[in-house]
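Each remark here refers to the structure printed beneath this line.
By convention in this document, chain letters (A, B, ...) are assigned in the order of the sequence lines, proteins followed by strands, and residues within each chain are numbered from 1.
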There are 2 protein chains.
Amino acid sequence: MRLLLVEDELEMATALGAALGRYDMILDHAPTLDHALAALASRVHDGIILDRQLPDGDGLSLIPRVRALKSGIPVIVLTARGAVDERVRGLDMGADDYLAKPFAVEELLARIRALMRRSPDIAPMTARIGKLVFDFDGRQAQVNGQLLDLPRRELLVLETLARRQGRTVQRSTLEESVYGYDDEIQSNSLDAHVSRLRRKLADCGAGVEIHSIRGVGYLLRPSP
Amino acid sequence: MRLLLVEDELEMATALGAALGRYDMILDHAPTLDHALAALASRVHDGIILDRQLPDGDGLSLIPRVRALKSGIPVIVLTARGAVDERVRGLDMGADDYLAKPFAVEELLARIRALMRRSPDIAPMTARIGKLVFDFDGRQAQVNGQLLDLPRRELLVLETLARRQGRTVQRSTLEESVYGYDDEIQSNSLDAHVSRLRRKLADCGAGVEIHSIRGVGYLLRPSP
DNA sequence: CGACAAGGATTGCAGCAACGTTGCGGCGCA
DNA sequence: TGCGCCGCAACGTTGCTGCAATCCTTGTCG
């Protein structure tokens, strides 16, 4: 999923980019309305996160133009102006949601998920690595459109790795998400699952590999 | 437009009813989850405004049931609990918006308008998998134009699976949609229904199969 | 350079939890 | 009163999963 952030503060943009990246979302950044329009011309975005106070005008003025370009794309408006009539105006201008700053990143993510659920032609939240597609919503992995039939533990391993794709996942983190906090583990079962998962991924030519980093953990990446 | 308000405080209900009436909206009032379910059976509502704290349980538990009854209907959750993780949870349970009390009626109205703008083009009325056609509106399944005569529970299982066709449905989710939040289940009845449903689907050559994922749930897909 | 230690990978195995199937009896409904 | 749905339980089956034994890899130190 690829989102466009229209926001003049660089700090906010980098923070959001990092947070969204953790959920396999690509965030493009447009600091002004002009940049935003140029970016939207490519029509590659699945949603817009829109700040109101921009150097070259009110962000809301973008909405009619967005609708003209690509009608159904979801728009979330962010703003420091929290007054009710401002929110009402934003929503009636065609925004799909309106969030007042400061906000929790988790809430923004949840609201994005809620909107994406409603947009039929947008792919569900997925991670793509190599030929592997992991659908976090449906909790399943596919290779070439073929469902990968994985048992629970292996699925949990793959899910956790896919969430942090390209970055190292500490061994303890992995254990925590595969087993509960309460579930105790006394041997190298985790390694065993990783091993079996590796075999299955290789067998179906997923084009990904689970790379191990000695003393730290694992990471999922496309195979060379 | 006709909305259903699920809320135990009479005061709030009458106030909202009056406010919405000014915009030519009809507001039906259900003080409990049971009332809400009964009201929803009529299928005349275009949206749901849902309070969380109800005499007979958490309002959120209504959402899966709503989705089973009529898929795409917009749900706005109201609550006094304003914590971020509560909001995230509500949205991820399938709510379309989440508003903390106290709120301005104007904002609620604007959010309803925003949702209504989106609602017509969502949620296909029928699902097609293999030779099976599931009509969510008429709540019936057909194979080769032939009506599949299924008992209530089996129909609910198939409906829930068809709604998320191709994606995994967790066992708990399935239980929630087939049995109510209040209806307790103490044995493997769900497995039994799945088993009988499988037989019927196979017998009439529906070209679909219910694939089970051990420890996770089931998924509906065309047979190989 | 070679040996050793430590961490990781692999794999067979046994236990057991989850799943599938089926028959029975109760209960509601026509 | 007959029919059929449904919850329940019993029992068979499957295959996941934790464990441990063994082998392999990597890094360190004399």
Lys/Arg-Asp/Glu bridge criterion (N-O < 4.0 Å) met for [X], [Y]:
X: B/Arg198; Y: B/Glu209; value: no
X: B/Lys101; Y: B/Asp51; value: yes
X: B/Arg111; Y: B/Asp96; value: no

May I ask you to verify if any side-chain N or O of [X] is less than 4.0 angstrom from the OP1 or OP2 atom of [N]?
X: A/Ser195; N: C/dT10; answer: yes
X: A/His193; N: C/dA9; answer: no
X: B/Tyr218; N: C/dA18; answer: no
X: A/Tyr179; N: D/dG18; answer: yes
X: B/Ser212; N: C/dA18; answer: no
X: A/Ser189; N: D/dC19; answer: yes
X: A/Arg152; N: C/dA17; answer: no
X: A/Arg153; N: D/dC16; answer: no

inquiry  = On DNA chain C, does the nearest nucleotide to B/Arg214 precede the nearest nucleotide to B/Arg199 from the 5' side, or the other way round? Give the residue.
reply    =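 Result: B/Arg214.
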
task = Counting heavy atoms from C-beta on, name the nucleotide in D/dC19, C/dT10, D/dC6 closest to the side chain of B/Pro151.
result =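 Nearest listed nucleotide: D/dC6.
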
Rounding to a whole Å, what distance do you find between [X]:[atom1] and [N]:[atom2]?
X: B/Arg196; N: C/dC19; atom1: CZ; atom2: C1'; value: 15 Å
X: A/Leu190; N: C/dA9; atom1: CG; atom2: P; value: 10 Å
X: B/Asp191; N: D/dC6; atom1: CG; atom2: C1'; value: 14 Å
X: B/Leu201; N: C/dT21; atom1: CG; atom2: C1'; value: 16 Å
X: A/Lys200; N: C/dT10; atom1: NZ; atom2: C1'; value: 14 Å
X: B/Leu197; N: C/dC19; atom1: CG; atom2: P; value: 16 Å
X: B/Ile213; N: D/dC16; atom1: CD1; atom2: C1'; value: 14 Å
X: A/Glu154; N: C/dT11; atom1: CD; atom2: C1'; value: 14 Å

task = Verify whether one side chain among B/Tyr98 and B/Arg52 offers a donor that lies under 3.5 Å from an acceptor in the other.
result =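 Short answer, yes.
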
task = Record whether the side chain of B/Asn188 comes under 3.5 Å of the base of C/dT22 through a donor-acceptor pair of N or O atoms.
result =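 It does not, because no donor-acceptor pair links the side chain of B/Asn188 to the base of C/dT22 below 3.5 Å.
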
task = May I ask you to check if A/Arg163 and A/Phe136 form a cation-pi contact, with NZ or CZ under 6.0 angstrom from the six-membered ring centre and within 45° of the axis?
result =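 Yes - A/Arg163 lies over the ring of A/Phe136, closer than 6.0 Å to its centre and within 45° of its axis.
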
